[in-house]
Amino acid sequence: MKESANEGVNESAGEQIPVVREVDGGTARLLPDVDRDRAWLLTVDDAPQSYIDLDEPTHLEFEYARRLAHVLDGVADDGVPLDVLHLGGGAFTLPRYVAAARPGSRQHVVEADGALLDLVTEHLPLPEGSGITVYGADARTWLENAPDASADVLIADVFGGSRVPAHLTSAEYARETRRVLRPGGTYAANLADGSPFAFLRSQLATFAAVFPELALIAEPAVLRGRRFGNAVLVASDREIDMARLSRRTAADAFPARVEYGASLTRLIGGARPVSDADAVPSPVPPGGAFSVG
């Protein structure tokens, strides 16, 4: 377990300089944004992982992060503190967002890549009193040992390289997420797929077998099969305010569509839930799909 106690970024004579380090998942780079003071992009093997503006943590650069934030914003009234469990850490973009938007929230972040944790906590430390506690552990193992009904929201943004690990895609995993959520809690996951959406359909079928309420947020071009991209799966045991979520995502700087009800059932088609025995990782992205530089 790690708790950050210092603010700021390591700088040389006031100048932000890139940081390159080998981590468990490959070569990590922290790259300063020349257009925003104290803003950083984290990549691993040239795949973007996180973007964070230390001076403005509510600024979300990545489309999928903005969509996850729209889900978080709809869970409770503005400013109400939440208990949030994050599977996958990166540079702690969403935990920082919640801490700024909902002071007093209690958040746990689980990240398996210990070397990546060391890099981020050294160069982009969390502010003191943030309410964020970070654990170096496998997400599924940590989840299975988490207390029942201990989180209002569970956010899954776990990628091994550029793929969602198989053990975080099964019905057994889905049942663990529902166990850890409080009644009325919300699960949201960042996934990635492209046409014909075999992985995405299987994930929707799997979570539909565990949660009574389900939605999917994605860019129209992704949903039409025109390109490989991110999609946010939302699940809950209470009714999701689809009208509000649809308005927020449609009005975003990066407009997206919310699929639910009959349209989601059509998207799932004949896909079946997957178990631990037959679960597979998300597909390998096509060349250049998520690379930078």
Side-chain angles (χ1 to χ4, degrees), residues 25-27 29 31 33 35 41-52 59-72 88 90-91 93-94 155-166 168-169 187-208 214-235 242 245-271 274 279-293:
T27 301
R29 288 178 170 84
L31 307 171
D33 186 340
D35 296 321
L41 172 67
L42 168 67
T43 70
V44 177
D45 286 346
D46 294 327
Q49 298 291 319
S50 298
Y51 178 99
I52 181 65
H59 172 78
L60 301 175
E61 190 79 7
F62 290 173
E63 297 173 24
Y64 82 84
R66 296 170 70 92
R67 290 161 193 161
L68 287 168
H70 291 320
V71 175
L72 279 162
T93 302
L94 283 169
I155 302 291
D157 185 16
V158 184
F159 283 78
S162 55
R163 306 178 73 184
V164 179
L168 302 181
T169 69
Y187 174 84
N190 178 33
L191 306 174
D193 200 3
S195 183
F197 302 119
F199 172 76
L200 189 57
R201 293 178 199 272
S202 74
Q203 287 304 282
L204 291 168
T206 297
F207 278 83
L214 202 66
L216 184 73
I217 311 169
E219 183 184 337
V222 172
L223 291 169
R224 295 188 186 112
R226 293 178 179 172
R227 70 176 184 86
F228 190 99
N230 295 97
V232 171
L233 183 154
V234 187
M242 299 297 183
L245 187 58
S246 296
R247 287 194 302 270
R248 288 290 189 97
T249 56
D252 193 270
F254 305 101
R257 197 167 75 212
V258 180
E259 299 287 346
Y260 60 95
S263 66
L264 196 63
T265 299
R266 287 193 296 271
L267 180 60
I268 295 171
V274 298
V280 297
S282 62
V284 177
F290 296 131
S291 64
V292 296

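What you are looking at is a predicted structure, and each value in this text was computed from that prediction instead of being measured.
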Under the criterion side chain to side chain contact (heavy atoms under 4.5 Å, CB included), I'd like the reasoning laid out for S202 against F197: C-alpha separation, chi angles, the key distance, then a yes or no.
CA-CA 8 Å; S202 74; F197 302 119; over 6 Å; no

Show your reasoning for whether ring-ring contact (aromatic ring centres under 6.0 Å, His included) applies to F207 and Y187.
CA-CA 10 Å; F207 278 83; Y187 174 84; 4.8 Å; yes

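A pairwise comparison of heavy atoms in A279 and A166 identifies CB-O, 3.5 Å as the closest pair. Closest approach of R66 to F254, counting heavy atoms only: CD-CD1, 3.7 Å. Of all heavy-atom pairs spanning F228 and G194, the tightest one is CD1-N, 3.5 Å. Pairing each heavy atom of G88 with each of V158, the nearest pair is N-CG2, 3.7 Å. In terms of heavy atoms, A218 sits closest to A231 at CB-CB, 4.0 Å. The two residues A205 and A271 make their nearest non-hydrogen contact at CB-O, 3.5 Å.
A 4.5 Å side-chain heavy-atom check between P281 and P165 finds every atom pair outside the cut-off. Taking 4.5 Å as the limit, some side-chain heavy atom of F199 sits within range of a side-chain heavy atom of V164.
L68 CG to L60 CG: the interatomic distance, rounded to the nearest 0.5 Å, is 9.5 Å.
The side-chain contact (heavy atoms from CB on, under 4.5 Å) test with R29 is passed by exactly one of V44, L42, D46, D45: D46. For the side-chain contact (heavy atoms from CB on, under 4.5 Å) with S50, the qualifying choice from T43, L41, T93 is T93, the only one to do so. Partner of L216 under the side-chain contact (heavy atoms from CB on, under 4.5 Å) criterion, out of V232, I268, L267: L267 alone.
Under the 3.5 Å distance criterion, the side-chain polar atoms of Q203 are matched with a main-chain donor or acceptor of T169. Checking side-chain atoms of S246 against main-chain N and O of M242 turns up a donor-acceptor pair under 3.5 Å.
Here side chain to side chain donor-acceptor pair (under 3.5 Å) pairs that include residues 189-201, with residues two or more places apart or in two chains, are D157-N190, N190-N230.
By the side chain to side chain contact (heavy atoms under 4.5 Å, CB included) test, T249 pairs with H70, I217, L245, A256, V258, sequence neighbours left out. Taking the side chain to side chain contact (heavy atoms under 4.5 Å, CB included) definition, one finds that P220 meets it with R224, R257, sequence neighbours left out. D33 meets the side chain to side chain contact (heavy atoms under 4.5 Å, CB included) test with D35, R36, A39, Y51; sequence neighbours excluded. Not counting sequence neighbours, T265 has no partner by the side chain to side chain donor-acceptor pair (under 3.5 Å) test.
Checked for salt-bridge contact, R227 and E219 meet the test: a charged N lies under 4.0 Å from a carboxylate O.
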